Amino acid sequence: MANGQTTECETLPDSARTATFVVIAAYNESTCIEQVVSEVRAEYPNVVVVDDGSTDGTFEAAKRSATHVLRHVINRGQGAALQTGIGFALSRGARVVVTFDADGQHRAEDIKAMIAPIWCGECEITLGSRFLGGTENIPASRRKMLRMAVLFTRIVNRVNVTDAHNGLRAFSDRAAREIDITLDRMAHATELIDQIRLSGLPFKEIPVQIRYTDYSLKKGQSSRNAIQIALHYLLGRVLR
Amino acid sequence: MNLFQTLALIAIAALFVLTLIAAVRGWATRRDALLWALLWLVAGVTIMWPGVTKVIANALGIGRGADLVLYCAVVVMMIGFLMVYVRLRRIRREMTLLVRELAIRDAISERKPPSDEAISHEATKEGHFDV
């Protein structure tokens with residue numbers, strides 16, 4: 001994978017911005033969802049929030065800020081919510097679909113670098129990597145856990161990526177159509193990598209920054225959870 | 001026959017009859033009913049003549065008949081758990097698809113007017129304004 005910058009894509013046309021749908025899966029994120037959505041929406045008019053059965057008014061908060069708000073009547077997990085948002089975006093004629101986390105850990109300005117290679121036809125999928133870019137306040141334990149996840153991905157999925165569990169990703173409409181997340185909860189990140197490999201679609205890693213705040217760390221996955229996620233994924237592979 | 005045998009055989013006979021009724025009335029599939037009937041038959045035979053399990057157990061190199069029954073029960077239960085787990089996964093999957101379908105339908109039926117830029121994109125995509 002080359003990580004060289006391409007000069008032809010430096011300025012994205014407005015049509016690229018309007019044809020990009022940013023999908024945000026949110027579960028009980030009422031305190032920050034408006035802020036996150038408005039940051040993204042300042043640049044990208046089509047923001048799709050999928051409220052994954054929240055119980056704290058996330059839906060109402062999202063309604064105030066997002067272009068499209070979908071609601072899962074029952075909580076189905078992040079993987080399921082993302083798939084819902086991706087399907088909806090495609091039905092609305094999206095040319096590029098971006099997934100973006102609801103807890104404010106991603107920077108809206110990183111989206112541009114994510115969609116540029118796709119818009120220019122350089123690749124079909126881009127994956128954000130915090131280890132290629134700078135990352136603010138990453139705790140040592142979190143770093144260790146993520147390194148383990150990358151190792152897991154290298155061995156089990158046979159794909160060489162530097163950051164397997166970054167929520168910032170972008171897909172061309174063609175790639176988005178090929179993706180079908182069936183693992184509802186957190187194991188979807190690994191499943192996604194599998195599908196990318198099987199589809200044979202060209203992908204590229206893009207350096208992005210992650211803002212580790214007390215809030216995003218609290219909402220993130222603990223190390224103990226990580227083992228559960230790995231088991232869930234492996235079981236999913238055996239019992240297809 | 002001792003007291004346990006009497007009681008157990010009555011219970012098993014009742015279950016056997018119930019299985020037959022279920023099969024006739026269509027509460028269970030023919031295949032399921034057959035499997036259950038077979039299970040009751042085997043249980044009935046081993047209760048009536050406990051020596052049978054010992055003969056089979058010894059032939060397999062297992063000391064006691066009760067051990068053979070225990071091992072079989074464990075294996076059957078493991079298979080049962082696995083089948084329930086697989087079914088649970090399928091139900092979860094179907095539930096997700098249902099919830100997704102609902103979410104997309106609701107979004108289409110009660111959509112609020114998109115922003116200007118979103119409209120212009122939709123207009124070029126669909127060739128008309130549908131708001």
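From a predicted model like this one, the values you see are computed outputs, not experimental measurements.
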(message) Any heavy-atom pair between the side chains of A:Thr84 and B:Ile104 that's under 4.5 Å?
(response) yes

(message) I want to check something: taking the side chain as every heavy atom from C-beta on, are B:Arg93 and A:Thr182 in contact at a cut-off of under 4.5 Å?
(response) yes

(message) Tell me whether B:Arg100 contacts the main-chain N or O of A:Ala80 through its side chain, where contact means a donor paired with an acceptor under 3.5 Å.
(response) yes

(message) Return the CG to CD1 distance between B:Leu98 and A:Ile74, rounded to the nearest 0.5 Å.
(response) 7.5 Å

(request) Taking all heavy atoms of B:Leu102 and all of A:Val73, pick out the closest pair and write down the distance. (result) CD1-CG2, 4.0 Å

(message) Could you check whether atom CD of B:Gln5 has more than 12 heavy atoms from other residues, nucleotides or ligands sitting under 6.0 Å from it?
(response) yes

